[in-house]
Amino acid sequence: MVSQMRVWRPLLVGWLLVGAGCELREVTVPDGERVIVVQAVMRPDLVDQFVVVEESFTGTVDPGRFEIGDVPTEGGPRTPVVDATVAVRNLDFTTAQCGDTVVFSDRPQSPGRFRLRGVYWSPPSCPPMRPGDRLALSVTTSDGQVVEGEARVPGLSGAELQVAGGTQMFGTGDTTMFNRDEDTLRLRVRAVSGRLVQFEVRRLVEGEDETRTLVLVDSTAFSLPGSSLDIFTRNDGDDVFRAGRHYLLTAALTDTNYFDFARSSNNEFTGRGFINHLRGGIGVFGSLAATTTTLSVVGNRDDAREGTYHLAGQVQGIQIDVDFDVFLARSVERSDASGFLSGGWIRRCDCGPEGARAWVSRDIDGRSIDGSFAGDSLVAVVNDLDAATTRYVLRGVRTPDAPFVVAVADSTGLGSNVIGTVIATQRR
């Protein structure tokens with residue numbers, strides 16, 4: 001989703017220095033007029049399209065609105081425009097399913113989509129989009145304001161990832177192993193038409209994804225060393241890739257409108273600098289085509305605490321038999337750790353007699369979990385895939401070259417109930 005955009009009209013209450021005598025007088029610039037702001041990026045790789053319609057900030061303080069503070073980047077717009085008529089038409093292609101003009105609704109039709117004020121959704125798989133097709137947007141507010149724009153669908157025929165001499169095509173569903181200490185990612189898109197390539201790295205967490213870094217390049221190829229830092233995540237920067245984690249790589253080819261939107265900015269004092277292609281409003285109506293692939297990141301083991309820990313024992317009558325491949329983070333002072341958990345694990349479900357709660361075994365394969373070391377004291381957290389509120393905490397004090405005890409606690413809710421122990425044996 002395109003991040004929400006800040007739109008400014010100059011609002012200045014200040015003091016002007018007049019003459020050598022430093023005489024000051026107060027000058028107030030009138031509030032600006034409201035402007036319709038539209039943000040939409042049409043993507044042929046997605047089933048659902050959406051358009052965000054809102055109003056600009058003007059500097060007024062209205063008890064019915066909250067216009068002070070940062071523009072939110074999640075959820076709905078802060079000043080939404082409701083009851084608008086939003087439509088997108090493919091000027092070069094129509095289908096019987098979508099018709100000539102696709103009308104968007106503030107009530108999404110697809111399951112899992114939430115209704116948000118100011119966000120308008122398309123019917124599933126509409127409008128039709130082919131490489132090179134021209135799309136026309138029309139937004140009409142309830143008071144008669146009209147915003148229009150056109151975009152052209154880029155042509156992306158594929159993308160490839162090269163790691164350690166091997167090549168992996170995007171979109172196959174396969175996972176590539178990547179050593180953060182030795183390898184460099186080399187990404188290339190095969191473009192038929194388009195203007196900008198956007199590479200995005202997200203960490204896959206419990207079926208969701210967490211943004212890590214975003215790179216925009218005016219080229220069809222890009223290289224990213226495994227040692228790269230994302231300087232925006234922490235004061236001293238953090239690894240783009242941490243060993244012991246899975247990542248989703250997205251390669252996107254965009255049109256000119258999106259390119260201008262991404263490379264221009266809005267000066268908060270003058271309101272200048274933003275490249276706008278809309279008529280009757282401000283914002284972006286663009287298009288991009290994207291494809292994805294996944295990485296499993298490993299690394300060289302340079303710390304004695306790194307390695308594979310075999311955990312075995314019984315917890316709540318269930319046999320635990322897992323391997324935990326542990327890697328330390330490199331770019332943070334504290335000893336953060338991540339690793340892959342594989343083997344026979346435990347879960348709690350409502351699957352006992354008459355739906356009673358019961359403990360059962362489950363197999364997991366390369367599940368990425370996080371933890372930390374304080375000296376030789378290890379803490380790691382395993383979130384349950386079947387119940388988002390359930391998590392297990394592993395705690396133990398590592399004994400070099402000898403097995404040691406690890407307690408397994410059920411930390412659901414506010415408590416932390418030890419439900420059993422296992423024996424951990426470290427293998428380098």
Side-chain angles (χ1 to χ4, degrees), residues 1-4 38-53 73-77 86-95 97-99 101-116 118-137 139 149-159 169-173 189-202 204 207-211 214 216 247-259 261-262 283-294:
M1 178 172 178
V2 179
S3 299
Q4 194 167 1
V38 176
Q39 296 179 85
V41 178
M42 302 291 101
R43 294 184 53 175
D45 57 299
L46 298 182
V47 172
D48 301 307
Q49 313 299 323
F50 65 92
V51 177
V52 178
V53 185
T73 57
E74 297 182 356
V86 178
V88 175
R89 180 186 177 191
N90 189 320
L91 301 177
D92 299 313
F93 181 63
T94 61
T95 63
Q97 174 187 348
C98 302
T101 301
V102 176
V103 178
F104 285 51
S105 171
D106 62 355
R107 296 178 180 270
Q109 298 181 23
S110 297
R113 302 295 190 184
F114 297 100
R115 186 181 184 187
L116 297 171
V119 180
Y120 298 82
W121 293 89
S122 72
S125 301
C126 293
M129 283 178 274
R130 305 172 307 178
D133 282 350
R134 294 170 300 145
L135 306 177
L137 169 73
V139 176
E150 290 188 8
R152 188 177 292 274
V153 180
L156 177 64
S157 64
M169 298 303 299
F170 280 64
T172 63
V189 300
R190 298 176 180 176
V192 177
S193 62
R195 186 65 181 84
L196 172 79
V197 175
Q198 174 176 300
F199 291 114
E200 188 175 68
V201 180
R202 293 175 178 264
L204 292 173
E208 300 293 333
D209 50 73
E210 170 188 291
T211 302
L214 178 68
L216 305 172
Y247 292 90
L248 180 72
L249 300 184
T250 301
L253 186 65
T254 81
D255 70 341
T256 298
N257 292 354
Y258 187 98
F259 172 77
F261 174 77
V284 60
F285 176 59
S287 180
L288 67 79
T291 183
T292 62
T293 191
T294 56

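Predicted, not measured: the structure shown is a model, and the values here were computed from it.
P123 approaches V102 most closely through the heavy-atom pair CD-CG1, 3.4 Å. Shortest non-hydrogen contact noted between A290 and R43 is CB-NH2, 3.3 Å. Between C126 and Q49, the shortest heavy-atom contact is O-CG, 3.7 Å. Smallest separation of non-hydrogen atoms from F104 and V88: CE1-CG2, 3.6 Å. Smallest separation of non-hydrogen atoms from R113 and D48: NE-OD2, 3.2 Å. Of all heavy-atom pairs spanning G286 and D255, the tightest one is CA-OD2, 3.5 Å.
In this structure, D45 and T291 have side chains that are not in contact, with every pair of non-hydrogen atoms separated by 4.5 Å or more. Between L249 and V201 the shortest side-chain heavy-atom distance falls below 4.5 Å.
Looking only at distances, no side-chain donor or acceptor of S287 sits under 3.5 Å from a matching main-chain atom of A151. N257 contributes a side-chain N or O that, together with a main-chain N or O of F285, makes up a donor-acceptor pair within less than 3.5 Å. The main-chain N or O of P124 is found under 3.5 Å from a side-chain atom of Q97 such that the two form a donor-acceptor pair.
Residues satisfying the side-chain hydrogen bond (donor to acceptor under 3.5 Å, both in side chains) test with R152, not counting sequence neighbours, are none. Residues meeting the side chain to side chain contact (heavy atoms under 4.5 Å, CB included) test with S193, sequence neighbours left out: none. Residues meeting the ring pair (Phe, Tyr, Trp, His ring centres under 6.0 Å) test with F259, sequence neighbours left out: none. When the side-chain hydrogen bond (donor to acceptor under 3.5 Å, both in side chains) test is applied to Q198, the partners found at least two apart in sequence or on another chain are Y258. Taking the side-chain hydrogen bond (donor to acceptor under 3.5 Å, both in side chains) definition, one finds that D133 meets it with N90, R130, sequence neighbours left out. S105 pairs by the side-chain hydrogen bond (donor to acceptor under 3.5 Å, both in side chains) definition with nothing, not counting sequence neighbours.
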